Amino acid sequence: MSVHTAVPLPVLHSTILDWYAEHARDLPWRTPEATPWAVMVSEFMLQQTPVKRVLPAYAAWLERWPTPAALAADAPGEAVRMWGRLGYPRRALRLHAAATAITERHGGEVPDDHAQLLALPGVGEYTAAAVASFAFRQRHAVLDTNVRRVLARVVDAVEHPPTATTAAERRTATALLPDADGTAATWAVAVMELGALVCTARTPRCVGCPVAAMCAWRLAGSPPYDGPPRRGQTYAGTDRQVRGKLLAVLREAHGEVAQAALDAVWDEPVQRARALDGLVADGLVEPVGPGVYRLPGAVPSSRP
DNA sequence: GATTCGTGGCG
DNA sequence: TCGCCAAGAAT
């Protein structure tokens with residue numbers, strides 16, 4: 001498999017690896033002390049949530065649940081509460097379910113096998129590759145939004161990658177991977193970091209980019225995005241907003257919540273009911289009686 | 001494959 | 001101000 005670039009692969013490799021060695025952020029999940037579990041926790045939290053907001057949640061989470069078994073021993077509702085306002089709270093439920101599966105199927109150790117990782121709840125192609133690469137130093141194509149954007153520009157000369165990850169992107173990423181496992185693992189995180197810090201979505205900092213001189217998009221004159229309109233995420237007035245408001249009440253309650261408290265967050269009854277039903281269907285909220293709800297498996301505030 | 005699923009910060 | 005964007009996964 002060959003990839004058309006303006007320079008030999010070893011030059012591209014060393015250029016980005018050298019840049020990473022000098023500019024990498026000092027992130028806690030990249031330290032030698034970070035366990036595979038810690039890496040996995042960070043990857044779950046970083047799914048669609050910025051690093052800055054993950055940092056404090058990550059520290060609190062690992063202090064409370066330093067191992068998968070520790071999390072599995074607690075109620076899933078506690079995971080949802082600790083998730084706080086990171087967004088997409090189903091991730092908290094899935095991380096709890098993954099911890100349970102790791103405890104039951106893998107003796108409490110995060111598996112180092114890509115297929116076994118992929119089989120865990122909440123672990124998709126990206127997260128499986130990321131954990132295998134970052135925690136176990138294996139050679140995998142790690143295709144997140146940052147990497148995809150860097151490759152779209154440097155290799156394909158377009159400003160933005162396709163909406164969904166394509167087979168062509170996987171071929172490109174695989175072809176660019178250094179041969180040695182450890183080098184490939186560092187390469188993966190280095191390209192990701194380049195996308196996060198330099199080759200950003202809105203205003204790329206091409207001045208100071210280590211690969212600007214070999215970037216196909218740059219060499220083509222930085223042509224603007226030419227594809228179909230990319231769908232923006234509307235939020236105000238959607239079920240997602242209502243779900244968020246409902247769950248915020250449940251998180252802060254530390255126990256059972258009466259219907260009236262939930263009714264107060266949204267005035268449109270049909271949408272409100274639909275949102276609550278959705279939360280229950282997703283396992284994020286548990287009905288405990290007529291008009292009474294709580295986070296799943298949470299300990300009731302008043303004891304008999 | 002297109003949709004759904006939170007939350008907040010920034011240009 | 002407000003649309004865009006942020007280490008995706010599941011259906």
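Residue numbering restarts at 1 for every chain, and letters A, B, ... go by the order of the sequence lines. Values below: every heavy atom of this structure, side chains too, minus hydrogens, waters and symmetry copies. Fair warning: this is a prediction, and the values are worked out from it, not measured in the lab.
Nearest-nucleotide positions on DNA chain B place A:Ala164 closer to the 5' end than the other of A:Leu279 and A:Ala164. Between A:Val51 and A:Val123, the residue whose closest nucleotide on DNA chain C is further toward the 5' end is A:Val51. Remark on DNA chain B: of its neighbouring residues A:Thr203 and A:Arg53, the 5'-side contact belongs to A:Arg53, judged by nearest-heavy-atom nucleotide.
Side-chain N/O atoms of A:Thr234 include none lying less than 4.0 angstrom from OP1 or OP2 on C:dG3. In this model, the phosphate group of B:dG8 is approached by a side-chain N or O of A:Arg85 to a distance below 4.0 Å at OP1 or OP2. In this structure, A:Gln48 reaches the C:dG8 phosphate: one of its side-chain N or O atoms is under 4.0 Å from OP1 or OP2. Residue A:Arg230 places at least one side-chain N or O under 4.0 Å from the OP1 or OP2 atom of C:dC5. Note on A:Tyr235: a side-chain N or O is less than 4.0 Å away from OP1 or OP2 of B:dT7. Contact check, A:Arg251 against B:dT7: a side-chain N or O comes under 4.0 Å of OP1 or OP2. In terms of phosphate contacts, A:Arg94 brings no side-chain nitrogen or oxygen within less than 4.0 Å of OP1 or OP2 of C:dA9.
From A:Asp26, atom CG reaches atom OG1 of A:Thr31 across 8.5 Å, with rounding to the nearest 0.5 Å. Taking CD from A:Glu159 and CZ from A:Arg153, the interatomic distance works out to 5.5 Å, rounded to the nearest 0.5 Å. Atom OG1 of residue A:Thr163 and atom CZ of residue A:Arg230 lie 8.0 Å apart, to the nearest 0.5 angstrom.
Base engagement by A:Gly87 is indicated by at least one non-hydrogen atom pair under 4.0 Å involving a base atom. Residue contacts shown for A:Arg149 are limited to sugar-phosphate atoms, with no base heavy atom under 4.0 Å away. The residue A:Val189 sits apart from the nucleic acid: no heavy atom pair falls under 4.0 Å. Contact annotation for A:Trp83: no contact, since no heavy-atom pair falls under 4.0 Å across all strands. A:Thr238 comes within contact range of no nucleotide atom at all, as no heavy-atom separation falls under 4.0 Å. Looking at heavy-atom distances under 4.0 Å, A:Leu86 makes contact with a base.
One can place CE of A:Met45 at 13 Å from C1' of C:dA7, the figure rounded to the nearest angstrom. A:Leu118 places its CG atom 13 Å from the C1' atom of C:dG8, with the value rounded to the nearest Å. The separation between A:Asp239 atom CG and B:dT7 atom C1' is 16 Å, rounded to whole Å. Computed from coordinates, the A:Leu95 CG to C:dG8 C1' distance equals 14 Å when rounded to whole Å. The distance between atom CG of A:Asp277 and atom P of B:dT4, rounded to the nearest whole Å, is 18 Å. In this entry the distance linking NE2 of A:His160 with P of C:dG3 reads 17 Å, nearest Å. Atom CG in A:Leu143 sits roughly 11 Å away from atom P in C:dG8 (whole-Å rounding). A:Leu250 has its CG atom 13 Å from the P atom of B:dG6, to the nearest Å.
Between A:Ser42 and A:Met45, every side-chain heavy-atom pair lies at or beyond the 4.5 Å cut-off.
Nearest nucleotide to the A:Ala201 side chain, out of C:dA7, B:dG11, C:dC5: C:dC5. For A:Arg91, the listed nucleotide lying nearest its side chain is B:dG6; candidates were B:dG6, B:dC5, C:dA7. Closest to the A:Arg90 side chain, of the nucleotides C:dA7, C:dG8, B:dT4, is B:dT4.
Atom CZ of A:Arg25 has more than 12 heavy atoms from other residues, nucleotides or ligands within 6.0 Å.
Atom C1' of B:dG9 sits at a distance of 24 Å from the matching atom of C:dA9, rounded to the whole Å. Going from the C1' atom of B:dG11 to that of C:dA7 covers 22 Å, rounded to whole Å.
Judged by distance alone with a 3.5 Å cut-off, no donor-acceptor contact links the side chain of A:Gln233 to the base of B:dC5. If you check distances only, the side chain of A:Thr145 never reaches the base of C:dG8 with a donor-acceptor pair under 3.5 Å. With hydrogens and angles ignored, no donor-acceptor pair closer than 3.5 Å exists between the side chain of A:Arg240 and the base of B:dT7.
Residues A:Thr186 and A:Arg137 bring a donor and an acceptor atom of their side chains to less than 3.5 Å of each other. Remark: the A:Tyr126 side chain and the A:Gln47 side chain contain no N/O donor-acceptor pair separated by less than 3.5 Å.
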